[in-house]
Amino acid sequence: MDFKKRNMSLKRLLFILPALLIYLVFMVYPMVRSLIISLHKWDGLSPEMNFIGIKNYIDFFKDPVSYTVLKNNLLLMIVLLIVPVILGLVLAVALNKKLPGRIVYRTIYYSPYVLPMVAVGLIWSWIYDPMFGALNSILKSVGLGQYVQGWLGQPSTAFPAILVTIIWRSVGMPMLLFLAGLQDISPQLYESAEIDGANKFQQFIYITIPQLKQSFAIVISLLIVGSLKQAFGIVYAMTWGGPGRSTQILSVWMYFNTFLYEKAGYGSAIAWIMTIIAMLIIIPYIRIMTKNT
Amino acid sequence: MNNDRLEKILLYIFLTALLILWIAPFFIVILTALRTQNDLLTNGVFSIPENIIFDNILNAWNKGNMSTYYRNSIVLTLLKVPTGVIIASLVAFPLAKWKFKFKEPLFILFLIGLAVPIHVTLLPNTITLSKLNLLNTLPGLFFPYIAFGLPMQILILRGFFSTIPNAFLEAAYIDGASEFIVYRRIMLPLAKPAIAALVIMDFLATWNEFTMALIFIHSEQWKTVPLGLMGLQGQFSSNYPTVMAATLVAIIPVILIYMLLQRFFVTGLGGGIKG
């Protein structure tokens, strides 16, 4: 195929340049610059930057707050990998049947996923409101008044309350991806399994799950990367990392240090720790993608 | 047969119970937004409103500045979404169909962006934007938004373009068509379903974006809807009906688009990602 081998002329370069330029200036360059900043002691404003090597990273792992932050991120990731994946899979299998009204169910389960994070955070802050919120109202009206409490105001319940919010938002995404995966499985596989005497449960374990391998890879990577990136708006709107530091997560903590505490070097180190975690997780995903296309 | 019916009933009970949990927050927003503060505090959130009123919505729209935030979000979305998708499709074409040096590394460079948390770019981009005099302006959001949309859009469009048979292109080249004509007359029309899905997904992402807006925009007059909503919560904090009215106003466009165009979500998310 001759047409593929022509040399790169200026005209052809025009296809690549707009994307490449914007991407280099606003994505690649800032990443590198952030790495450099993370090796300095800097307030983010003054011309004076002191090179301190990896001290910011060492300080991060020495700071007790970091363990609250890492623990919350880990908890968020684990909860997201369990609840939305299992619930999403169950819903996808159920809604893959020819049930009347299934489009209504699918539409509503997915709908929170299209909302702005800040809106999700505000809606649930109102639900958890200690005085007039819906949750406490329900508890009172069903005789569970002793459980009425300020859900977001105390360390013991604030992060679980955020987790519930994020689960509510997230379940639709795996459901929709699993549904798409299920529709690609050939019915013949089930037919021949039935002839061989496999029951529904065996079919699910030996056909459905393995056939959804690719959907699982996508769902898991999206949820893990999402747990790093997307909780920002929800935590920002609901608790601002509080009470104390109890609901602090990497992204919000990075924002606090960089933009509120004038510790730009330290904040950039936190940002790079997030980036490294995300990279480690996304590389297998990228390999699946490139193999596939 | 009987077993089947029981199974179906149990399934419906499970699905419906979950449905109620999932839809309840939306009802709470509406029930709060359309009544007076007084009515809410005396009768509780689950009571039927004494009067259905739209004052809170007008309050959020006018005093809460929602009208300004809407204008900014609409302008930004209308400019950013088409531009971003066109730029992504331009580069996805060579990545799918040409042979050139550094093609694989270029593709991988774009894919890496899928993993980059925006947070790592916030401070350096603040510095760049302030040097370009774009800090605290809508164009200051436009370029970073484009950069962050590119990885996923390039991945999906490249996948889609790859499935277009080479024979189509060869025939056009033999007729003397330029690369641009091939892109414009063959690739784009055939990729319509993918492009439609990307435009819709990108509309949502742009409308909903909060983190970059929070860092790059300071003045009231340039705030986008999520950023404005957050500020409005500070201003009206214990006036729940107004805060929920503003939330309702903020989410109506995404809900409408989602409801009307949801068939694209299935193809866009499911089919598109798999290319």
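Scope of the values below: all heavy atoms of this structure, side chains included, with no hydrogens, waters or symmetry mates. Quick note on labels: first sequence line is chain A, next is B, and so on, each numbered from 1.
Contact annotation for Val120(A): neither backbone nor side-chain heavy atoms come within less than 4.5 Å of a heavy atom of chain B. Only the side chain of Val225(A) comes within contact range of chain B, judged by heavy atoms closer than 4.5 Å. Proximity to chain A is limited to the side chain of Tyr183(B), based on heavy atoms less than 4.5 angstrom apart. There is no contact between Ile20(B) and chain A, counting heavy-atom distances below 4.5 Å. If you measure heavy-atom distances from Lys11(A) to chain B, you find no contacts under 4.5 Å at all. Only the side chain of Leu129(B) has a heavy atom closer than 4.5 Å to any heavy atom of chain A. For Val90(A), the part lying under 4.5 angstrom from a heavy atom of chain B is the side chain only. For Leu229(B), the parts sitting under 4.5 Å from any heavy atom of chain A are the backbone and the side chain alike. Neither the backbone nor the side chain of Ser178(B) comes within contact range of chain A; no heavy atoms are under 4.5 Å apart. Looking at Gln153(B), there are no atoms closer than 4.5 Å to chain A (heavy atoms on both sides), in backbone or side chain. In this structure, the portions of Ser251(A) lying under 4.5 Å from any heavy atom of chain B include both its backbone and its side chain. With a 4.5 angstrom heavy-atom cutoff, Met244(B) touches chain A only via side-chain atoms. Using a 4.5 Å cut-off between heavy atoms, Phe143(B) touches chain A through backbone and side chain atoms alike. At a 4.5 Å heavy-atom cutoff, Ile277(A) makes no contact with chain B through either its backbone or its side chain. At a 4.5 Å heavy-atom cutoff, the contact between Thr211(B) and chain A is made by backbone and side-chain atoms alike. Using a 4.5 Å cut-off between heavy atoms, Ile37(A) contacts chain B through its side chain alone, with no backbone atom that close. Contact annotation for Ser111(A): both backbone and side-chain heavy atoms come within less than 4.5 Å of a heavy atom of chain B.
Of the listed residues (Val104(A), Val114(A), Thr275(A)), the greatest number of heavy-atom pairs within a distance under 4.5 Å of chain B belongs to Val114(A). The most heavy-atom pairs under 4.5 Å with chain B, out of Ala134(A), Ser38(A), Pro30(A), come from Pro30(A). Contacts with chain A were tallied for Leu31(B), Thr32(B), Val29(B), Leu40(B); Thr32(B) has the most, counting heavy-atom pairs under 4.5 Å. Counting heavy-atom pairs closer than 4.5 Å to chain A, the top-ranked of the candidates Leu109(B), Leu204(B), Leu106(B), Ile255(B) is Leu109(B). Contact count against chain A (heavy-atom pairs under 4.5 Å) is highest for Phe110(B) among Phe46(B), Phe110(B), Phe93(B). Between chain A and the options Val116(B), Leu21(B), Thr128(B), the largest number of non-hydrogen pairs under 4.5 Å is found for Val116(B). Most heavy-atom pairs under 4.5 Å with chain B: of the set Phe178(A), Phe132(A), Trp272(A), this distinction falls to Phe132(A). For chain A, the option among Tyr12(B), Phe148(B), Phe180(B) with the highest count of heavy-atom pairs below 4.5 Å is Tyr12(B). When each of Gly133(A), Ser34(A), Gly233(A), Gly267(A) is scored by its heavy-atom pairs under 4.5 Å with chain B, the top score falls to Ser34(A). Considering only heavy-atom pairs separated by less than 4.5 Å from chain A, the leading option among Val225(B), Val120(B), Leu150(B) is Val120(B).
Under a 3.5 Å cut-off, the side chain of Tyr255(A) and the backbone N or O of His119(B) do not form any donor-acceptor pair. At least one donor-acceptor pair under 3.5 Å links the side chain of Tyr109(A) to the backbone N or O of Leu15(B). The closest donor-acceptor contact from the side chain of Asn208(B) to the backbone of Met117(A) lies at 3.5 Å or more, if one exists at all.
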* **Check against side-chain contact (heavy atoms from CB on, under 4.5 Å), Tyr236(A) and Leu214(B)** => CA-CA 11 Å; Tyr236(A) 188 98; Leu214(B) 173 72; 3.4 Å; yes
* Let me see the working for Ile28(B) and Ile127(A) under side-chain contact (heavy atoms from CB on, under 4.5 Å), right down to the final yes or no. => CA-CA 8 Å; Ile28(B) 290 168; Ile127(A) 291 175; 4.0 Å; yes
* Asked: Where do Leu91(A) and Phe14(B) land on the side-chain contact (heavy atoms from CB on, under 4.5 Å) test, with the steps shown first?
  -> CA-CA 10 Å; Leu91(A) 291 174; Phe14(B) 166 73; 4.1 Å; yes
* To do: Could you walk me through whether Glu7(B) and Lys200(A) pass side-chain contact (heavy atoms from CB on, under 4.5 Å), step by step?
  => CA-CA 13 Å; Glu7(B) 199 189 297; Lys200(A) 282 266 161 64; 5.6 Å; no
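When side chains are defined from C-beta on, Phe26(B) counts as touching Leu115(A), because their heavy atoms get closer than 4.5 Å. Inter-residue side-chain proximity for Leu87(A) and Leu18(B) is flagged as met; some heavy-atom pair is nearer than 4.5 Å. In this structure the side chain of Trp22(B) reaches within 4.5 angstrom of the side chain of Pro112(A), judged on heavy atoms. At a threshold of 4.5 Å between non-hydrogen side-chain atoms, the residues Arg12(A) and Phe100(B) do not count as touching. Within the 4.5 Å cutoff, the side chain of Ile22(A) has no heavy atoms near those of the Tyr145(B) side chain. Looking at heavy atoms from C-beta onward, Ile123(A) lies in side-chain contact with Thr247(B) at the 4.5 angstrom threshold.
Remark: Met131(A) CE is loosely packed, at most 12 non-hydrogen atoms of other residues, nucleotides or ligands lying under 6.0 Å away. Counting heavy-atom neighbours within 6.0 Å of Leu14(A) CG, excluding the residue itself, gives a total above 12. More than 12 heavy-atom neighbours from other residues, nucleotides or ligands sit within 6.0 angstrom of OH on Tyr261(A).
The two residues Asn125(B) and Phe26(A) make their nearest non-hydrogen contact at ND2-O, 3.2 Å. Across Lys8(B) and Leu99(A), no two heavy atoms sit closer than the pair CE-CD2, 3.7 Å. Among all heavy-atom pairs drawn from Thr126(B) and Phe259(A), the shortest one is OG1-CE2, 4.1 Å. Residues Ile112(B) and Met279(A) approach most closely at CG2-CE, 3.3 Å, considering heavy atoms. Among all heavy-atom pairs drawn from Pro117(B) and Met274(A), the shortest one is CB-CE, 3.8 Å. Minimum heavy-atom separation, Tyr23(A) to Pro151(B): CE1-CG, 3.9 Å.
Rounding to the nearest 0.5 Å gives a distance of 4.5 Å between CD1 of Ile108(A) and CG of Leu19(B). Put simply, CG on Leu114(B) and CG on Leu222(A) are 9.0 Å apart, with the number rounded to the nearest 0.5 Å. Interatomic distance, Tyr113(A) OH to Tyr258(B) OH, rounded to the nearest 0.5 Å: 12.0 Å. Rounded to the nearest 0.5 angstrom, Thr107(A) OG1 and Ile23(B) CD1 are separated by 10.0 Å.
Donor-acceptor pairing under 3.5 Å is lacking for the side chains of Tyr29(A) and Thr121(B).
Taking the six-membered ring for Trp and the full ring otherwise, Phe236(B) and Trp126(A) have centroids separated by 6.0 Å or more.
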